[in-house]
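Structure record follows, encoded as structure tokens.
Residue numbering restarts at 1 for every chain, and letters A, B, ... go by the order of the sequence lines.
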Amino acid sequence: MNQETEKYPPNFIRHIIERDVAEGKNGGAVMTRFPPEPNGYLHLGHAKAICLSFGLARDFGGATNLRFDDTNPIKESMEFINAIKRDIAWLGFEWQQEKYASDYFPELYDFAERLIGEGKAYVDSLDAEQIRQYRGTLTEPGQDSPYRDRSVDENLDLFRRMRAGEFKDGEHVLRLKIDMASPNINLRDPTIYRIRHVAHHQTGNQWCIYPLYDYTHCLSDSLEGITHSLCDLSFEDHRPLYDWVLDELAMNLHPQQIEFSKLNLQYTMMSKRKLRQLVEQGIVDGWDDPRLPTIAGMRRRGYPAATIRDFCRRIGVTKSDNNVELALLESCIRDYLDPQAPRRMGVIDPLKVVIENYPEGETEMLEIANHPKDDAMGTRQVAFGREIYIDRADFREQANRKYKRLVTGGEVRLRGGYVIRANEVIRSDEGEILELRCSYDPATLGVNPEGRKIRGVIHWVSARASLAAEIRLYEPLFTVDNPDGVADGAEEAYRDLINPDSLVVKHGFVEASLAQAVEDDRFQFEREGYFCLDVRHSTPDQPVFNRIVGLRDSWAKIEQASS
RNA sequence: UGGGGCGUCGCCAAGUCGGUAAGGCACAAGGUUUUGAUCCUUGCAUUCGGGGGUUCGAGUCCCUCCGCCCCAGCCA
């Protein structure tokens, strides 16, 4: 599946753009932008926005700019800028230009002076608390600031002195003069410049006043030639302001802001702010913790980029609230990996099996296909010997007919190998099963025995010629299907929602060929799931594998239903 | 209770001028299978938040009610 064939299904934004292009609006051009603030890492929700903005532009022969919305230097850093660029590129998208809102600080300043000159902006000297009080409430209109009617000259003078650094943080702000009684609170004289004596990661100490989002974004879009400015629904109420600024300044290009609903994923926290708390408080192991929905986390978890693109395509784009099931994401991963992940064997919860009638000290190499349906993927040699490991879940001392694995006195096939029979269980003094004594049927390699049907096949690994490996199993980080909703408000509320078993570290064994695994390799451990090497934790003598996702498990359902 | 949005199957989501409910995931039942995987087949909304109305005909138009989400940063 390459990018060219990744067609997106129809959605309302696509319809709007189709119509615009058909009508020749903007000369038929389509230019979008992806505008992250560099104050954190990108996550799946951003991936949705990225696929949308980049995908739409691409489909209409346009392009997309990456623009860092860097108007608030105190929260931003180069680390985040670099991480964001790396993540977008990894996702498979190329931006036309790398821009920064800070690139436009000079123009933005000039526009502000113009607005002041036209009596459309004024310097307010109320403090933050007073401004809040004057703003009114959702149901009551606000009141004009006593500074609202300052003369143009006074405003200009004050604004220039703000810019010159004559005032301390918070002493004055620049506000748009719109309507303090507007039912839309965003129009009640929004603040567009504040004083902040801090260095900026791009502009250093050139500025001590910084413009705010509502003023900056629309103008940046217009200056950049953006035709369609896509954002999430929380900005819907800001659109009148977006349009107001562009109209009052009579900008040549008036981009169209279109809002869509942001993504919610069940059992997943999807807000940058809260993700940041998880990282800063050490609840997870960094922004790239495999349990996080960050692009970096998903990459480390082993999700292929194409899988994330496919997911974004499948969830669609609407204005409805949503809470997508994890099963959909998992389905995307399995669909992508199944045809192309080489098969290997790995035993996660090892139980030693001694095959008593197999010669001691002997090892034979079994040739096993790398993929059940794709011969082109070839075969590999897997060591087999007298002692092997199987998974504890694949043996029971007794079980009903439904259980198709190894039972005392019964037979099972070792994948790619022989049929074995369980003869005896060896236990410790405490009663724990230590190992199994089995026998094998030498005549069953590659052929089925006569007169009896072997119902089960289990995976295994040689005890002598395998590799000890750490295997990390992941479950959702949260125990509720809408942690963002539940954990709102109280600072520590989400702590109680953390799933204590979100990471389970197992010590197992994998076939020796996995010693060659490198970053970006992805395997299916037969009957277990898809795994990749965790380069961060692996050491030369002990690889660490992350379970990307398990296989579908209809047996688990059967078992659960009967218990 | 001011303003702005949204409500089509368990979860997503198509649904152009009103013409008689796509698809995916999930689920269920069969079949194939040396992965209880994959694959294949089949099933899965007489109904579109509720109630009225217009119409030969409404998810699509009108009225009304209900529910949910967003907004009171010198954050984005």
Please determine whether a side-chain nitrogen or oxygen atom of R194(A) lies at a distance below 4.0 Å from atom OP1 or OP2 of rC75(B). yes

Checking all strands, does N322(A) fall into the base, sugar-phosphate, or nothing category for heavy-atom contacts under 4.0 angstrom? sugar-phosphate

Under 4.0 angstrom, heavy atoms only, what part of the nucleic acid is V324(A) near: base, sugar-phosphate, or nothing? sugar-phosphate

With sequence neighbours left out, write down each residue that passes salt bridge (charged side-chain N to carboxylate O under 4.0 Å, His left out) with R396(A), or none if nothing qualifies. E559(A)

Answer yes or no: side-chain N or O of Q524(A) and base N or O of rU35(B) forming a donor-acceptor pair under 3.5 Å. yes

Have a look at G142(A) and say if it touches a base, only the backbone sugar-phosphate, or nothing, with a 4.0 Å heavy-atom cut-off. nothing

Kindly indicate whether the side chain of D553(A) and the base of rG36(B) share any N or O donor-acceptor pair separated by less than 3.5 Å? no

Under 4.0 angstrom, heavy atoms only, what part of the nucleic acid is F235(A) near: base, sugar-phosphate, or nothing? base

What nucleic acid atoms does T191(A) come within less than 4.0 Å of, heavy atoms only: base, sugar-phosphate, or nothing? sugar-phosphate

How would you list, by chain and number, every residue that makes a ring-ring contact (aromatic ring centres under 6.0 Å, His included) with Y215(A), sequence neighbours excluded? Y193(A)

Please classify the nucleic acid contact of S182(A) as base, sugar-phosphate, or nothing, using heavy-atom distances under 4.0 Å. nothing

Flag the pair D391(A) / I348(A) as yes when at least one side-chain heavy-atom distance between them is below 4.5 Å, and no otherwise. yes

Is there a side-chain contact between R196(A) and the phosphate of rC75(B), meaning an N or O under 4.0 Å from OP1 or OP2? yes

Look at the side-chain N and O atoms of S320(A) and state whether any lies under 4.0 Å from the OP1 or OP2 oxygen of rG5(B). no

For a quick check under 3.5 Å, do T294(A) and H43(A) share a side-chain donor-acceptor pair by atom type? no

Could you tell me whether the side chain of R405(A) has a donor or acceptor atom within less than 3.5 Å of a complementary atom in the base of rG36(B)? yes

Rounded distance in Å between the P positions of rU38(B) and rG15(B): 30 Å

Exercise answer: donor-acceptor pairs, residues 547-558 of chain A side-chain atoms, under 3.5 Å, sequence neighbours excluded:
{"unit_1": "D553(A)", "atom_1": "OD1", "unit_2": "W555(A)", "atom_2": "N", "d": "3.3"}
{"unit_1": "D553(A)", "atom_1": "OD1", "unit_2": "A556(A)", "atom_2": "N", "d": "3.0"}

Identify whether any heavy atom of L138(A) sits under 4.0 Å from a base atom; if not, whether one sits that close to sugar-phosphate; answer base, sugar-phosphate or nothing. base

Distance in angstrom units between N184(A) CG and rG5(B) C1', rounded: 12 Å

Does a side-chain N or O of S234(A) approach OP1 or OP2 of rC70(B) to a distance below 4.0 Å, or not? no

Describe the nucleic acid contact of R132(A) in one word from base, sugar-phosphate, nothing, applying a heavy-atom distance below 4.0 Å. sugar-phosphate

Heavy atoms under 4.0 Å, any strand shown: does T318(A) hit a base, just sugar-phosphate, or nothing? sugar-phosphate

Rounded to the nearest Å, what distance is computed from the CZ atom of residue R135(A) to the C1' atom of nucleotide rA72(B)? 6 Å

Verify the contact: side-chain N or O of T71(A) to OP1 or OP2 of rA76(B), cut-off strictly under 4.0 Å; return yes or no. yes

Residues at least two apart in sequence or cross-chain that pass ring-ring contact (aromatic ring centres under 6.0 Å, His included) with Y210(A), listed by chain then number, are F105(A), H200(A)

Regarding E259(A), tell me which of base, sugar-phosphate or nothing describes its non-hydrogen contacts under 4.0 Å with the strands shown. nothing

Syn within 90° of 0, anti beyond: rG73(B) is syn

When rounded to whole Å, the OH to C1' distance for the pair Y193(A) and rC74(B) reads 14 Å

For V317(A), which contact category applies under a 4.0 Å heavy-atom criterion: base, sugar-phosphate, or nothing? sugar-phosphate

Once you round it to whole Å, what is the distance between P of rA76(B) and CG of L241(A)? 12 Å

Those residues at least two apart in sequence (or on a different chain) that pass ring-ring contact (aromatic ring centres under 6.0 Å, His included) with F525(A) are F531(A), F545(A)

Look at all strands and tell whether D124(A) reaches a base, only sugar-phosphate, or nothing, counting heavy atoms closer than 4.0 Å. nothing

Counting the atoms with a prime plus P, OP1 and OP2 as sugar-phosphate, which does F12(A) contact under 4.0 Å by heavy atoms, base, sugar-phosphate, or nothing? nothing

It should be established whether H15(A) places a side-chain nitrogen or oxygen under 4.0 Å from OP1 or OP2 of nucleotide rG15(B). yes

Treating primed atoms plus P, OP1 and OP2 as sugar-phosphate and everything else as base, which nucleotides of nucleotides 21-33 of chain B get B, S or - for protein heavy atoms under 4.0 Å? ---SSSS------

